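The structure appears below as structure tokens.
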Amino acid sequence: MNLSPDNDEVVFPEDEYALRLVRVRERMTAQNLDLLIVHNTPNIAYLTGYVPASGNAYAVLLIKGSGECTVHMPADDAPLMPPRPWIGDVAGIPAPHMGSRFELTAELAEKIGGARVGIEKGRYPLCAAAGTAITRRLAGRAEVIDASDLILRLRHVKSPRELSAMRRAAELSGIGMRAAVAAVKAGNTDNDIGAAAYSAMLRHGSEAPYPAPFIMVGARTGWGPHLSWKRFGLQPGDVVNMEMTGVHQRYAAPLYRTAVIGPPSDVIRRVCDAVIECVNVVLETAAPGEPAGDVARRATLKLDPIRDVAYCTGQVSYGVGLTLSPNWVEHSFRIIEGNQRPLVPGMTFHAPTAVRLPGKFAVSFSETWVMGGERPEILTDMPRELFIGEE
Amino acid sequence: MNSAFLDQLSAYVSGGVRQELAFPIGEYSRRVSRACSLMGDAGLDALLLTHLPTICYLTGYQFTNCDYTGYLLLNRSGSGTMVVPGTEIGAVLMHGWIRDIRDFPSWAPEQAVPIICEILGGWQAADGLIGIESQLELMDPFILERLQTALPGAVFHDATALLWSERAVKTAAELQHIRQAGRYSDAGMLAAVRQATRQTSENEIAAAAAEAMIRSGSEFFATAPLVATGERTALPRTSFGRSAVRGAAPTVIELAGVHQRYCAPIMRTVLPAGCRESLKHLLDIAQAGLTDLMTMARPGAAVGGPVEHARRVMADMGCDAGDAGLPWSFGHSVGICLPPTWDEGSLRLSPDAAGEFRAGMVFYSSIRLGINGIGGIGVGDTWRVADGENEVISSVPQHAVASLAGGLK
């Protein structure tokens with residue numbers, strides 16, 4: 001079933017998708033690529049508007065330097081691929097043949113042809129077997145090179161429509177976070193906080209967020225950032241970490257806040273102050289043209305007073321934008337020492353600074369922001385402070 | 001920095017801090033022992049595992065952002081080492097038995113390669129036969145090429161299916177987790193059906209389902225509730241998108257509660273009064289096919305046989321290769337689930353599937369039928385092959401959904 005152009009599931013107008021394809025082809029030309037084979041589902045979503053229910057759904061977009069492109073995907077899923085005038089063929093794989101999908105894609109690539117072919121060797125969900133099938137099929141016929149970053153670098157800088165989607169996502173993140181904070185009280189569980197946040201975002205129109213909100217309480221916060229609710233009760237004195245994103249038109253704008261049940265101890269307060277200052281430095285001083293590593297170095301100085309007790313990765317921002325399951329991280333650009341690539345207006349970031357006292361507690365705050373023409377614009381909107389839950 | 005972090009957390013574990021193990025250590029020992037035995041049968045010197053559900057099965061480790069990985073290395077004697085992004089050290093310790101942990105920056109995956117090489121070298125396996133999960137995401141060409149360059153004497157052999165047969169048959173303890181997950185699913189489905197009768201929106205239905213599941217105890221979902229209404233029900237699986245529920249339009253709801261990372265998916269359709277008779281008929285066909293499959297799947301039967309039988313039942317009722325579309329796949333195994341999917345991947349229920357049913361296997365079978373331009377229906381259950389009567393995990397039967405929908409205002 002083809003979706004009509006005015007169906008509200010068509011995310012961006014045709015001219016925006018057309019422009020994205022033009023830019024991809026410009027980069028292909030710059031790299032002398034005749035054919036680009038795209039497996040990364042967010043990249044496919046970026047170019048076509050295709051949104052599968054699962055981010056590892058098999059779908060391959062084969063882009064020639066000019067002319068029509070080809071999509072190779074399960075025939076059963078083909079109705080989800082929006083019609084684009086530059087997609088000439090949706091080559092559906094019949095269900096009985098799905099076991100041979102890697103070989104079939106490789107055959108298709110060979111048929112389309114090209115002396116220099118790019119594949120996204122390091123991009124999810126391309127697996128080694130699928131890559132090997134292509135390389136073997138094209139051996140002696142084409143040079144196969146890694147094009148993992150070709151489309152990703154184009155996604156760094158957001159269009160006005162993308163920023164509109166992210167602003168709405170940021171509103172939804174705030175709605176979820178406020179619901180979460182309201183549920184931080186002794187006697188509740190981390191599930192109660194998660195349920196409140198998740199359902200609030202959905203009720204206000206968010207699409208499915210991936211990952212689901214991270215809700216950690218008490219000593220669990222001191223073990224790592226990627227845990228979530230698991231039926232643990234909240235007690236007086238517990239620190240609570242909450243990280244989540246609303247999603248609009250598959251764009252994310254994550255937000256991270258910390259709460260404590262009852263008055264915070266001096267060490268909790270000291271750590272919070274340092275973390276918030278670190279985040280503030282990023283949001284108040286990052287400038288277009290500045291090397292990313294310089295921002296990170298400057299910001300993380302604010303953590304020096306707590307380095308005797310707390311650990312931090314040193315990353316102060318990472319790229320965000322279009323998101324499909326299982327992750328909202330764009331894997332495009334990180335603000336961390338050592339990365340001397342310059343910040344460019346239109347780049348969007350999630351800026352969490354998280355510090356952990358191993359096995360004790362963790363503190364994190366963040367915002368989602370866009371590099372403006374002169375200074376950062378913060379998209380998320382919630383007081384950047386330690387919240388106090390009821391004892 | 002991370003070695004000190006690891007040391008401090010390890011001290012907590014050694015000191016007896018409560019970990020979050022899904023099973024007693026003995027269960028993991030058993031699984032690792034079986035894995036080592038299978039490695040021996042396959043002539044493998046070591047396993048280099050990247051599929052996060054596999055790693056969870058063997059070690060207990062759980063992860064959320066499953067588009068980048070850590071690695072589990074296992075040798076023939078059962079020694080295991082994990083190589084993970086530094087942020088995951090704590091989770092590895094908290095969730096499982098692995099104590100030998102090395103870390104690398106998540107943004108520099110190539111830095112895992114020399115660590116892996118060092119470990120394999122220490123095991124005298126650098127020139128050996130190394131099992132990898134090459135058919136699944138997360139073992140990607142980028143890493144494999146670097147491993148092949150760094151270890152020119154090693155042969156990396158596809159071992160994707162090595163543990164599938166083991167994982168397909170669930171232990172009593174696993175079944176307990178699946179049944180608990182099923183209770184969460186039931187809570188979510190009941191809440192979703194109630195909401196669907198209120199003519200609100202896909203989002204309201206998904207929110208109600210999610211809230212009910214989480215409040216009843218479910219962990220984070222591998223896949224968020226899938227809700228579609230109206231013409232969108234004729235599409236393949238697609239997530240909620242703010243569409244309003246209107247009039248006599250169908251609503252298809254699919255979700256899975258999660259307990260200790262085990263899931264129990266379920267799918268139901270709400271057909272309001274006044275809906276098209278053609279959709280009711282499709283629902284009857286789908287339910288008949290599903291019921292037939294779950295009845296005919298007996299221990300010892302070749303998988304393809306009951307699947308073909310169910311297809312014939314559906315074809316006899318009028319489901320053909322036309323608009324409604326006779327399905328090819330009647331489901332897949334379920335067990336451990338991590339984002340982005342609840343599909344365990346070890347066994348598919350299709351006419352050409354190899355193997356036979358065995359008691360203890362657990363599947364999610366779902367059938368979706370649709371009519372372009374009108375809408376569709378879907379029904380699905382998690383069920384277990386048993387020596388006696390097969391067990392359906394859900395307690396929200398489809399035939400009761402209509403009365404639930406009609407009786408709730």
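Chain identifiers are assigned alphabetically (A, B, ...) following the order of the sequence lines, protein sequences preceding nucleic acid strands; residue numbering begins at 1 within each chain. Since the model is a prediction, treat every value here as computed from it, not as a measurement.
Of the listed residues (A:Thr132, A:Asp192, A:Asn191, A:Asp190), the greatest number of heavy-atom pairs within a distance under 4.5 Å of chain B belongs to A:Asn191. Ranked by heavy-atom pairs under 4.5 Å with chain A, the first of B:Leu136, B:Ile89, B:Thr200 is B:Leu136. Of the residues considered (A:Gln315, A:His204, A:Met201, A:Lys230), A:Lys230 shows the highest number of contacts with chain B, using heavy-atom pairs under 4.5 Å. Contact count against chain A (heavy-atom pairs under 4.5 Å) is highest for B:Gly217 among B:Ala11, B:Gly217, B:Ala210. Interface summary for chain B: among A:Ser206, A:Pro225, A:Ala130, A:Ala128, the most heavy-atom pairs under 4.5 angstrom belong to A:Ala128. Interface check for chain B: of the options A:Glu120, A:His331, A:Arg123, A:Met98, the most heavy-atom pairs under 4.5 Å are formed by A:His331. By number of non-hydrogen pairs under 4.5 angstrom with chain B, the leading residue of A:Gly205, A:Gly224, A:Pro211 is A:Gly205. Each of A:Ala95, A:Ala196, A:Gly222 has some count of heavy-atom pairs under 4.5 Å with chain B, and the biggest count is that of A:Ala95. Note on B:Ser106, B:Ser218, B:Pro351: by heavy-atom pairs under 4.5 Å with chain A, the leading option is B:Ser218.
The part of B:Asp352 that comes within reach of chain A is its side chain, from C-beta onward, which places non-hydrogen atoms under 4.5 angstrom from that chain. Proximity to chain A (any heavy atom under 4.5 Å) is restricted, for B:Glu145, to the side chain, taken from C-beta onward. A:Pro96 touches chain B through backbone and side chain together, each having a heavy atom under 4.5 Å away. Proximity to chain A (any heavy atom under 4.5 Å) is shown, for B:Ser216, by neither the backbone nor the side chain. In this structure, the portions of A:Asn56 lying under 4.5 Å from any heavy atom of chain B include both its backbone and its side chain. At a 4.5 Å heavy-atom cutoff, the contact between B:Tyr68 and chain A is made by side-chain atoms alone. Proximity to chain A (any heavy atom under 4.5 Å) is shown, for B:Thr87, by both the backbone and the side chain. Within the 4.5 angstrom heavy-atom criterion, atoms from both the backbone and the side chain of B:Leu9 approach chain A. When heavy atoms are compared at a cutoff of 4.5 Å, A:Ile215 does not approach chain B at all. Using a 4.5 Å cut-off between heavy atoms, A:Ala53 touches chain B through backbone and side chain atoms alike. Within the 4.5 angstrom heavy-atom criterion, no atom of A:His39 approaches chain B. Within the 4.5 angstrom heavy-atom criterion, no atom of A:Phe333 approaches chain B. For B:Ala208, the parts lying under 4.5 angstrom from a heavy atom of chain A are both the backbone and the side chain. Using a 4.5 Å cut-off between heavy atoms, A:Thr189 makes no contact with chain B at all.
In this model, a donor atom of one side chain and an acceptor atom of the other lie less than 3.5 Å apart for B:Asp158 and B:Thr160. In summary, the side chains of A:Ser364 and A:Asn241 do not present any donor paired with an acceptor at a separation below 3.5 Å, with no hydrogens or angles considered. With 3.5 Å as the limit, one finds a donor-acceptor pair spanning the side chains of A:Tyr58 and A:Thr105. Side-chain contact, B:Tyr184 with B:Glu219: no donor N or O sits under 3.5 Å from an acceptor N or O. Side-chain polar atoms of A:Arg203 and A:Ser199 form a donor-acceptor pair below 3.5 angstrom. One side chain, B:Ser366 or B:Arg237, offers a donor N or O that lies under 3.5 Å from an acceptor on the other. With no hydrogens or angles considered, a side-chain donor-acceptor pair links A:His226 and B:Glu88 at under 3.5 Å. A side-chain donor-acceptor contact under 3.5 Å links A:Trp328 and A:Tyr318.
Under the 6.0 Å distance and 45° angle rule, A:Arg356 does not count as a cation-pi partner of A:Tyr311.
With hydrogens and angles ignored, the 3.5 Å screen pairs a side-chain donor or acceptor of B:Glu202 with a backbone N or O of B:Gly241. The main-chain N or O of B:Pro340 is found under 3.5 Å from a side-chain atom of B:Thr223 such that the two form a donor-acceptor pair.
If you look at B:Phe221 and A:Tyr198, their ring centroids are closer than 6.0 Å.
How far CZ of B:Arg232 is from CZ of B:Phe240: 10.0 Å, rounded to the nearest 0.5 Å. Put simply, NE2 on B:His51 and CD1 on B:Ile132 are 14.0 Å apart, with the number rounded to the nearest 0.5 Å.
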